[in-house]
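Remember, it's a predicted structure, so these values are computed and weren't measured experimentally. Values reported hereafter were calculated over all heavy atoms of this structure, with side chains retained and with hydrogens, waters and symmetry mates removed. For reference, positions follow the sequence shown, starting with 1.
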Amino acid sequence: MAFQLDPDLPPDLAPLAWIVGRWEGAGVVGYPTMPQSFNFGQELDVRHDGRPFLHWSSRTWLLDTDGQPIRQSGTETGFLRIVPGGEAELLLAHPTGIIEMYFGPAEPAKLSLRTDSVVRSPHAKEYNAGTRHYGLVDGDLMWVMDMAAMGTPLTSHLSAQLKRVG
């Protein structure tokens with residue numbers, strides 16, 4: 001199925017049109033400080049309301065070996081926008097006391113983002129930097145995240161494959 005541009009999407013957001021929508025799928029989470037890696041399920045909703053930014057909402061849950069949910073995991077909400085020069089900014093807030101600001105080039109069906117800043121509450125786990133790469137591959141949203149946290153340098157943390165739904 002070919003992707004069609006939403007006629008109500010503000011022109012400034014055209015470089016991000018490919019990521020607008022609801023996505024569901026699964027991935028793998030692991031990190032050197034974790035005793036083992038886990039599979040996770042994810043729902044990602046990227047919407048617009050006519051203004052020059054997209055609303056970003058994601059939730060994840062850990063899965064058992066049969067692919068059944070074990071418990072809720074991560075939640076993030078924020079905004080994705082294009083800024084002068086064609087770069088994208090992704091601003092995310094997490095209920096764990098962390099706020100991130102990512103930026104990077106917005107290319108056709110590809111985003112490569114790195115943190116410009118990370119703000120942590122005094123009670124949040126140590127988290128210093130991250131990179132995220134999103135791409136549209138054969139109609140699926142593929143993404144990976146590397147993270148620098150808890151004394152570990154930038155290292156692979158998450159990856160997932162999501163399918164457009166609805």
So, does [X] use its side chain to make a donor-acceptor pair with the main chain of [Y] at under 3.5 Å?
{"X": "D49", "Y": "R51", "value": "yes"}
{"X": "H157", "Y": "G30", "value": "yes"}
{"X": "T60", "Y": "G74", "value": "yes"}
{"X": "D64", "Y": "D66", "value": "yes"}

Quiz item: Going by atom types alone, do Q42 and S58 pair a side-chain donor with an acceptor below 3.5 Å?
Solution: yes
Quiz item: Side-chain donor-acceptor pair under 3.5 Å between E43 and W23, yes or no?
Solution: no
Practice problem: Could you check whether the rings of F79 and H55 sit parallel, tilted or perpendicular, using 30° and 60° as the cut-offs? | Solution: perpendicular
Could you tell me whether the side chain of [Y] reaches within less than 4.5 Å of the side chain of [X], counting heavy atoms only?
{"X": "V119", "Y": "I98", "value": "no"}
{"X": "F103", "Y": "T115", "value": "no"}
{"X": "H94", "Y": "E100", "value": "yes"}
{"X": "T77", "Y": "L92", "value": "no"}
{"X": "Y127", "Y": "M147", "value": "yes"}
{"X": "I70", "Y": "L63", "value": "no"}

Rounded distance [0.5 Å steps], [atom1] in [X] versus [atom2] in [Y]:
{"X": "W18", "Y": "L136", "atom1": "CH2", "atom2": "CG", "answer": "6.5 Å"}
{"X": "S73", "Y": "R59", "atom1": "OG", "atom2": "CZ", "answer": "11.0 Å"}
{"X": "R114", "Y": "M101", "atom1": "CZ", "atom2": "CE", "answer": "9.0 Å"}

Can I get a per-line list of side-chain donor-acceptor pairs under 3.5 Å for residues 148-155, giving both atom names and the distance, sequence neighbours left out?
unit_1 : atom_1 : unit_2 : atom_2 : d
T155   : OG1    : P153   : O      : 2.6

Quiz item: Is the CZ atom of R47 crowded by more than 12 outside heavy atoms at less than 6.0 Å?
Solution: yes
Quiz prompt | Residue from I19, V20, L91 passing side chain to side chain contact (heavy atoms under 4.5 Å, CB included) with L80 | solution = I19
Self-check item: Closest non-hydrogen atom pair between A106 and A88, with its separation
Solution: CB-CB, 4.1 Å
Exercise. Any chance you could lay out the salt bridge (Lys or Arg N to Asp or Glu O under 4.0 Å) test for R81 and E87, step after step, and finish with the verdict?
Key: CA-CA 8 Å; R81 67 187 187 141; E87 286 195 319; over 6 Å; no
